[in-house]
Amino acid sequence: MRPVVRAGLYAALTLAAITFIYPFLWMASTTLKPPFEVGTLALIPHTITFDNYRLMWSRAPFGRALLNSILVAGTITASVLVLGSMTAYAMARLTFPGRRVLNAVTMGVLLVPGQLTLIPLYTLIVQLGWIDTYAALIVPYLFNATAILLLRQFFLQIPQSLIDSARMDGMGELRILFTIFWPLARPALAIVAIFTFMGSWNEVLWPLLVVRDQQLMTLPQLLTVFQLGGGAGTLGVSLAAAMVLVVPVVVAYMFLQRYFIESMAGAGVKG
Amino acid sequence: MPSISFENVNKKFGDVSVVEDFSLRVEDGELLVLVGGSGSGKSTILRMVAGLEPVTSGTIRIDDRDITHLAPRDRDVAMVFQDYALYPHLTVRDNLSLGLRLRRMPAAEINRRVTWAADMLGLESLLDRKPKQLSGGQRQRVAMGRAMVREPLVFLFDEPLSNLDASLRARMRIEIGGLQRRLNTTTVYVTHDQVEAMTLGDRIVVLANGRIQQIGRPIELYRNPINRFVAGFIGTPPMNFVEGSLHRESGEVFFVSEGLRVELLADRLPASIPSKTMTLGIRPEDVTLADGKPVSGGAAGARLSGRVLLVERLGGTSHIHFDVGPHRLMATVSSEEPPEVGDTIGIEMPSERVHLFGADGNALARPD
Amino acid sequence: MARRPKREKSSMRAEQRSAWSLTAPYAAFLLAFAAYPVFFALALVFMHWDLVTAPSFAGIDNVRLLATDARFGRAVANTFVFLAIHLPLQIVTALGLALALNRRLAFRAFWRATFFLPVVISGAVVAILWNALYATDVGLINNLLAKLGGSPIPWLTDPSIAMPAIAVMVTWKNVGFYVIIYLAGLQYIPQSCREAIELDGANTWQRFRHLTLPMLLPQTILVVTLSTINGFQLFIEPYVMTGGGPLRRTYSVVLYMYTNAFSYQKMGYAATIGVALALIIGAVVAVQRRVIGSAEAA
């Protein structure tokens, strides 16, 4: 590669990288600026103030929302992993009538756009009396078709001999799944865990439909409501709220980027 | 038709020298084979002619035109790759014609050439198929067709037969040879298979560690290998080697090793020999079984006795593996009445068939 | 057929029983949250329901209303405006970055991670962030423009600029994802094919046009399909940034559906919008695949 071309590529890539990182840096620094400094290009504020964060925290229950998000995303991820593995295991290694139907329906689920089922799901929640409950946020997500298909694919590749010898030792199916399959399936489980958790963490539309009580709102939902309801007042405060949502993700991403990319790009394609 | 000349071509990857001081001239219409093991530099040399690998120093000319620093597309050279490198998304016809379309050749001429190549290679019925619908042999022929339609100055072949099974390889060898003779295009052909080299090449270049070991016609390399490497590389089955040393005794010269003594023709040897230790070489097909008659070709040579370990019967000929003292040797004889395992046999090594290699590996005495 | 030994039969039964108990929760879930909603959605199309009083039969009222609903038409038209900007921008940018990253360069993992970062971030955050970037008075972009001597552009308040502005933002958010997809595709182009086409006489552009681009066709189809579906599902961006304005020019279909359900309490009509959307997406994607497939074959 000629040096000119190489230099040009580095320049272009650096410029591109800047356009992706700079807005976040600017956002972070804006949250530390007093109102009169907001809007300047400076990345380091002349006066650093934590007022924005204090205001944000006092105006809306962000701490509670953070806990809600962790609870909801965590429960959903745990369920998808555990219940999903159980289902995937049965679909992959056990023979039973209806296996093929189950497989076909699972793949069919992936073809249906979420918008089609959004309203009926909403009416279902209303009829169950689950508005403003954690149940509404969690139950419809307890199983994830993409995760099940992915895990099933992985489980298909585990040698039958391992199962046979375990059965001869008298192990039941659940024992086999969790003591033999799970340790072997760590990469697949990690991938599923990441895209499930992130999907739930970032979800906004569904919570906006089924939760009205601020005490139950998830973090991105509260952030949106806060922004639109005028509770923020100034740019600094609304961005401070956004930071609460972003920082944990960015930190996790910095350490686990390979897993994030593999998970969300790979699973996204299959979905 | 042009010739190719290499002038002191060197290739280094970082500090590692892969091709050293390669100088050679390829004659018009010649099929030159570059043969050697992996790491010998043969593929690198080919790729330098194609322009796919930059030359560290030296010059390459095609018909007196210095192409050393030209881009591949400007060299008028066509290559058949080891994995054929067919364009997977194009039909056979489009694969053949892409190069011509890129050069904006008129459609009528493109058609003429494609039809001509397809006919010559038996591809007429395959023109609308895609590469994945073809067998290995068919893909190989499409790759050749793609090179042919360009009517280039030089054909380059990079181990084109490695991915084919043995019988197909034998057939394609004959086809390629016939094709090249008909087209009379200068060709450089790289292979690790010395049978391919011997059957296809007008001349062969044996390479090892980036250096030329020997250049010559196949029969020359067979009869007069210039060093131990070439001697052991060319010829199937490979040459027998015995380590030993030289002794002079009452005006006669002998090669001596444990359990073995061969008289050599003194006037064939150079006057002064730096070291006494040397290696004797003799091809299995030159070793004959003694049957009581005197050793042929005048005095000298050897008559030894050995014990048969293994007899490989191949129908018309047999390979006899036997021990002479601590040395394991092989003879290839016609199968009239091959000996049995455990037999003691008499072996003759005619001196004019014996090769001698000095401590540095170079040949000291060659047969006529 | 030979009779199976008794032990085998009972172990088969045991296996079936385990399987059923393992998959029963999932089957129940599918029935309640996957199958039922699909069928009920279709049923809702023919109903009027405000969730308070009992649902009433509506015949094809909802469908007729949708066919003449200017707001729905506007929302669909807005989506096409969005796609007209977003799709080409996405393809060109993602492909360009992927081609750049496909060489032997240092820091490749770093660049890749940077481009992918916005994919991981919540859409709500990205919307709020770009709201700030696009703000006419204190926004970062206009600030930069001012430094370069330009005058501020009303990114989100001008009816003809707002949707394109959102399209650029969504491209920024998702391009990293498609870079990964294109990179994976580029790995599959054999080095020897690249060399062969060079010897055949191709310059860099010709190599791109005749080898790289055609071999990336599956990836391009994927980019177009996923981006299109994403475009039709636009919600949080107009919701947060413009509320659907100015002059309803960023109003999206999902936003309309949401409003009908949440604010107007018209479940039947909202469901009708949902069904219509699913059908539109299916049709558009099918047409796209046909068009791209044949364009490349030419």
Side-chain angles (χ1 to χ4, degrees), chain A residues 1 9-10 12-13 16-17 20-21 23 26-27 38-39 41 83 86-87 89-91 94-96 102 105 109 112-113 115-124 126 140 142-143 173 198 201-202 204-205 209 220 223-224 227-228 235 238-239 242 245-246 249 253 257 260-261 264-265 268-269, chain C residues 15-16 18-20 22-23 25-27 29-30 33-34 37-38 40-41 44 51 97 100 103 105 111-125 128-129 132-133 138 140 143-144 147 177 180-181 222 229 233 235-236 240 254 257-258 261-262 267 270-271 274-275 277-278 281:
Chain A
M1 213 191 308
L9 276 176
Y10 277 117
L13 285 171
F20 285 92
I21 301 186
W26 180 80
M27 175 169 87
V38 165
L41 284 177
L83 295 178
M86 285 162 57
T87 313
Y89 172 75
M91 283 171 68
L94 301 177
T95 7
F96 57 98
L102 210 55
V105 174
V109 166
V112 175
Q115 286 64 45
L116 185 67
T117 52
L118 189 68
I119 302 298
L121 273 174
Y122 174 56
T123 60
L124 179 62
V126 170
L142 285 177
F143 289 89
E173 308 296 347
M198 291 311 300
W201 185 266
N202 291 337
V204 187
L205 176 50
L209 265 179
L223 175 63
T224 309
Q227 167 87 345
L228 289 175
L235 189 57
S238 74
L239 287 182
L245 188 49
V246 168
V249 174
Y253 183 70
Q257 27 171 271
F260 271 89
I261 294 181
M264 293 175 83
V269 170
Chain C
E15 187 176 318
Q16 281 182 20
S18 314
W20 280 334
L22 282 175
T23 55
Y26 180 54
F29 176 86
L30 280 178
F33 293 104
V38 171
F40 193 53
L44 271 175
L51 282 180
L97 288 175
R103 321 280 213 104
L105 297 171
W111 309 125
R112 222 181 38 186
T114 338
F115 303 150
F116 199 78
L117 178 59
V119 177
V120 171
I121 305 292
S122 150
V125 168
I128 293 176
L129 172 62
L133 295 182
V138 294
L140 178 62
N143 238 307
L144 275 170
K147 281 250 155 57
F177 180 85
I180 303 293
I181 291 188
L222 190 61
I229 295 178
Q233 294 178 339
F235 168 75
I236 195 67
V240 165
V254 177
M257 187 172 79
Y258 173 80
F262 200 69
M267 298 301 135
V275 173
L277 182 58
I281 292 180

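Sequence lines set the chain letters: A, B, ... in the order given, protein chains first and strands last, and positions in each chain run from 1. Please read these numbers as outputs of a predicted model, since none were measured by experiment.
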Is the shortest heavy-atom distance from the side chain of Asn143(C) to the side chain of Trp26(A) under 4.5 Å? no

Less than 4.5 Å apart, any side-chain heavy atom of Thr87(A) and any of Leu22(C)? no

Quick one: does Met86(A)'s side chain get under 4.5 Å of Tyr26(C)'s, heavy atoms only? no

Applying a strict 4.5 Å limit to non-hydrogen atoms, the region of Tyr253(A) in contact with chain C is side chain

With a 4.5 angstrom heavy-atom cut-off, could you sort out which part of Leu117(C) is near chain A: side chain, backbone, both or neither? both

Tell me, do Val119(C) and Ile261(A) make a side-chain contact under 4.5 Å, heavy atoms counted? no

What pairs with Val249(A) under side-chain contact (heavy atoms from CB on, under 4.5 Å), at least two apart in sequence or on another chain? Met198(A), Trp201(A), Val120(C), Ile121(C)

Can you find a pair of side-chain heavy atoms, one from Leu51(C) and one from Tyr122(A), that are under 4.5 Å apart? yes

If you tally heavy-atom pairs under 4.5 Å between each of Val109(A), Leu102(A), Val112(A) and chain C, the highest tally belongs to Leu102(A)

Can you tell if the side chain of Ile128(C) reaches within under 4.5 Å of the side chain of Leu239(A), non-hydrogen atoms only? yes

Side-chain contact, heavy-atom cut-off 4.5 Å: Tyr10(A) with Trp111(C)? yes

Using side-chain hydrogen bond (donor to acceptor under 3.5 Å, both in side chains) as the criterion, list what pairs up with Gln233(C), not counting sequence neighbours. Gln115(A)

Identify which of Ala90(A), Ala17(A), Ala16(A) forms the greatest number of heavy-atom pairs closer than 4.5 Å to chain C. Ala17(A)

Of all heavy-atom pairs between Val125(C) and Met27(A), which one has the smallest distance, and what is that distance? CG1-CE, 4.4 Å

Any side-chain heavy atom of Leu83(A) within less than 4.5 Å of one from Phe29(C)? no

